[in-house]
Amino acid sequence: MQLIMSIVRLQRDSSGDLSADGISEKFYENLENRINAIAGVHEMLYQSPDLSTIEMQPFLENLVHLVAYGHDAPHVTIDAGDVAVRIEAAVPLSLITNELLVNARKYGGRHGRGCNVEINLQRLGESLLLTVDDDGPGFPDGFRIGNGGGLGYSLVEALTSQLAGKVEVWSDRGAHIRLEIHVPGGIPSTL
């Protein structure tokens with residue numbers, strides 16, 4: 001609940017989501033997406049046979065279904081293989097992925113069309129490597145995470161830091177994000 005309240009406060013303080021008349025529809029949509037990402041982790045956890053790990057392939061597919069809808073929805077390809085994570089990593093990882101999907105939908109589409117997005121999650125030693133690539137226009141010149149990227153990218157940076165990770169972004173025929181994150185409690189063995 002503390003995480004949800006922190007997200008609500010961050011969302012409320014985000015000046016881009018408020019209109020002169022008060023709270024905009026976009027505010028509610030963004031907040032709902034963030035809370036759905038957290039709820040999805042818990043729903044998958046309750047459906048999991050061991051109640052401690054979440055298989056990421058079906059979870060990410062469900063998250064994409066919640067976020068990527070409508071006429072401008074991106075076409076998303078997911079490859080998480082057999083990666084499973086404990087809840088300590090699943091919640092921040094789901095929020096990070098949610099933010100990156102929302103941004104791909106918002107900025108990656110061209111002329112009212114959705115873009116193509118590829119999500120890849122794999123083991124990298126004792127860490128996980130998450131890459132999210134789209135074929136949209138890419139990042140603006142001089143873009144850096146945490147430097148004018150808005151609330152979504154601030155959340156990505158904070159959550160990546162929370163997982164003792166690092167994030168890289170670049171443009172090359174689209175936007176590319178690479179996160180290497182430490183997984184609290186280690187990575188469970190293959191399911």
Side-chain angles (χ1 to χ4, degrees), residues 2-3 6-7 34 36-68 74-104 108 115-136 138-139 143-147 149 152-191:
Q2 184 63 36
L3 179 60
S6 296
I7 289 172
R34 290 174 177 128
N36 276 335
I38 296 169
V41 168
H42 289 92
E43 183 177 324
M44 292 288 290
L45 187 62
Y46 297 138
Q47 295 172 1
S48 178
D50 69 5
L51 298 178
S52 65
T53 60
I54 295 175
E55 292 180 62
M56 292 306 292
Q57 181 73 31
F59 173 75
L60 290 173
E61 289 169 358
N62 188 44
L63 182 64
V64 166
H65 178 73
L66 290 171
V67 175
H75 174 265
V76 182
T77 305
I78 303 164
D79 182 5
D82 60 358
V83 174
V85 297
R86 291 181 174 83
I87 192 167
E88 296 85 4
V91 170
L93 193 56
S94 70
L95 286 168
I96 289 168
T97 306
N98 176 71
E99 295 305 323
L100 297 177
L101 278 170
V102 167
N103 284 331
C115 63
N116 295 304
V117 179
E118 293 181 18
I119 299 172
N120 187 294
L121 181 66
Q122 61 186 343
R123 287 182 179 86
L124 185 65
E126 295 297 313
S127 299
L128 289 176
L129 178 64
L130 172 67
T131 57
V132 179
D133 303 309
D134 72 48
D135 64 354
F139 295 105
F143 178 86
R144 287 186 12 227
I145 292 280
N147 185 18
Y153 284 117
S154 294
L155 276 172
V156 168
E157 180 183 41
L159 292 166
T160 301
S161 179
Q162 175 185 329
L163 293 171
K166 60 184 177 180
V167 60
E168 300 173 73
V169 298
W170 70 94
S171 294
D172 180 20
R173 288 179 266 169
H176 306 279
I177 301 103
R178 174 187 161 118
L179 296 99
E180 186 177 332
I181 55 174
H182 172 72
V183 180
I187 301 170
S189 61
T190 303
L191 296 178

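These numbers come from a predicted model, not from an experiment. The analysis underlying the following values was restricted to heavy atoms, covering all of them including side chains, and did not include hydrogens, waters or symmetry mates.
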Report yes if some heavy atom in the side chain of Leu95 is under 4.5 Å from a heavy atom in the side chain of Leu155; otherwise report no.
-> no
In Å and rounded to the nearest 0.5 Å, what is the CD to OG1 distance from Glu99 to Thr160?
-> 11.0 Å
Side chain of Ser94, backbone of Val91: donor and acceptor closer than 3.5 Å?
-> yes
Could you label the plane-to-plane angle of the Tyr153 and Phe143 rings as parallel, tilted or perpendicular, counting under 30° as parallel and over 60° as perpendicular?
-> perpendicular
Nearest atoms (heavy-atom pairs only) where Ile96 meets Val156 = O-CG2, 4.2 Å
NE2/His182 to CG/Leu163 distance, rounded to the nearest 0.5 angstrom?
-> 8.5 Å
Donor-acceptor pair, side chain of Ser171 and main chain of Phe139, under 3.5 angstrom | yes
side-chain contact (heavy atoms from CB on, under 4.5 Å) with Leu179: of Leu128, Thr131, Leu100, only one passes, and it is Leu100
To the nearest 0.5 Å, how far apart are CG in Asn103 and CG in Asn98?
-> 9.5 Å
Residues in salt bridge (Lys or Arg N to Asp or Glu O under 4.0 Å) with Glu61, at least two apart?
-> none
Please name all residues satisfying side chain to side chain contact (heavy atoms under 4.5 Å, CB included) with Thr77, sequence neighbours left out, ordered by chain then number.
-> His75, Glu118
Residues Gln57 and Ile78: closest non-hydrogen pair is NE2-O, 3.3 Å
The side-chain contact (heavy atoms from CB on, under 4.5 Å) partner of Leu130 among Leu93, Val83, Ile181 is Leu93
Should Leu121 and Val85 count as side-chain neighbours, where that means a heavy-atom distance under 4.5 Å?
-> no
Apply salt bridge (Lys or Arg N to Asp or Glu O under 4.0 Å) to Arg173 and list each qualifying residue two or more places apart in sequence or on a separate chain.
-> none
Looking only at heavy atoms, what is the nearest atom pair of Ala104 and Cys115, with distance?
-> O-SG, 3.6 Å
